[in-house]
Amino acid sequence: MKSRKLVVGLLVMLAVAMSTLTFAYWAGSISGDSDVANESITIGTGKDVTTSVSLGSSATSGVLVPSGRAADSNEANAVESYVITYTVDLADADNGSYDGTSATLDVTYDNVLIGGSATYADSVNIVVGGATAVTVNGSSVTVTITVTLDEPANATEYAAVAGAAITFDVTFAASFA
């Protein structure tokens, strides 16, 4: 009799423990939008241009969720990536003697933060694409920045990043060979 009560008690405790420990780490609450979805950047010769990007919550741009999780999200407007498009020009106010000169376009990013903290910043994936060259006083070129997010590894990470803004800096530089 005691053994039967013990088994039933253990099963009840196991059921309670499993129900409190089992939950989806991703419920779709990490928000993000691109306040700078389409930007124009002009690099002056001899100067680098740095712009700050902030992906915060917005009902119109969607809510950033980890790759492959849009269907599982509680958000009606969940997106798995943001693509920010920059139109880049290389301007020289000189007498035009450098017009048509080609330069290598270097686009880098740094200072990636989630909610002002770098603790889980490695879960933000940023890919730079598009043009790798630009011409002095020539046609504009297009650069894209694609931002995705990895699935939080555990409940602690989820709690730290859910609903937090993602920020980072993007630097545009032209170099001549």
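FYI, the numbering just counts along the sequence from 1.
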Problem - Close side-chain approach of V147 and L55, heavy atoms under 4.5 Å - result: yes
Exercise for the section: Carefully, step by step, assess T144 and I84 under the rule side chain to side chain contact (heavy atoms under 4.5 Å, CB included). Expected result: CA-CA 6 Å; T144 58; I84 305 164; over 6 Å; no
Handout entry: Interatomic spacing from CD in E80 to CG in L149 - rounded to 0.5 Å
Key = 10.5 Å
Problem - Under the side chain to side chain donor-acceptor pair (under 3.5 Å) test, residues paired with T119 that sit two or more places apart - result: S117
Practice task
Output the distance between atom OG (S102) and atom CG (L90), rounded to the nearest 0.5 Å.
Solution key: 9.0 Å
Using residues 168-177 as the side-chain source, report each donor-acceptor pair under 3.5 Å to any protein atom, sequence neighbours left out, with the distance given to one decimal.
unit_1	atom_1	unit_2	atom_2	d
D169	OD1	S52	OG	2.8
D169	OD2	N111	ND2	2.7
T171	OG1	T50	OG1	2.9
S175	OG	D106	OD2	3.4

Handout entry: Same cluster (ILVMFWY, side-chain, under 4.5 Å), L113 and I166
Key = no
Practice task
Under the side chain to side chain donor-acceptor pair (under 3.5 Å) rule, collect the residues that match up with S140, sequence neighbours excluded.
Solution key: D89
Problem - For I114 against A164, the heavy-atom pair lying closest together - result: CG2-CB, 3.7 Å
Side chains of residues 122-135: which donor-acceptor partners sit under 3.5 Å, not counting sequence neighbours?
unit_1	atom_1	unit_2	atom_2	d
S123	OG	Y120	O	2.7
N125	ND2	T148	OG1	3.4
N125	ND2	D150	OD1	2.8

Practice task
Please tell me if the side chains of Y86 and I145 come closer than 4.5 Å, counting only heavy atoms from C-beta onward.
Solution key: yes
Exercise for the section: Give a yes or no answer on whether the side chain of E151 reaches the backbone of P66 with a donor-acceptor pair at less than 3.5 Å. Expected result: no
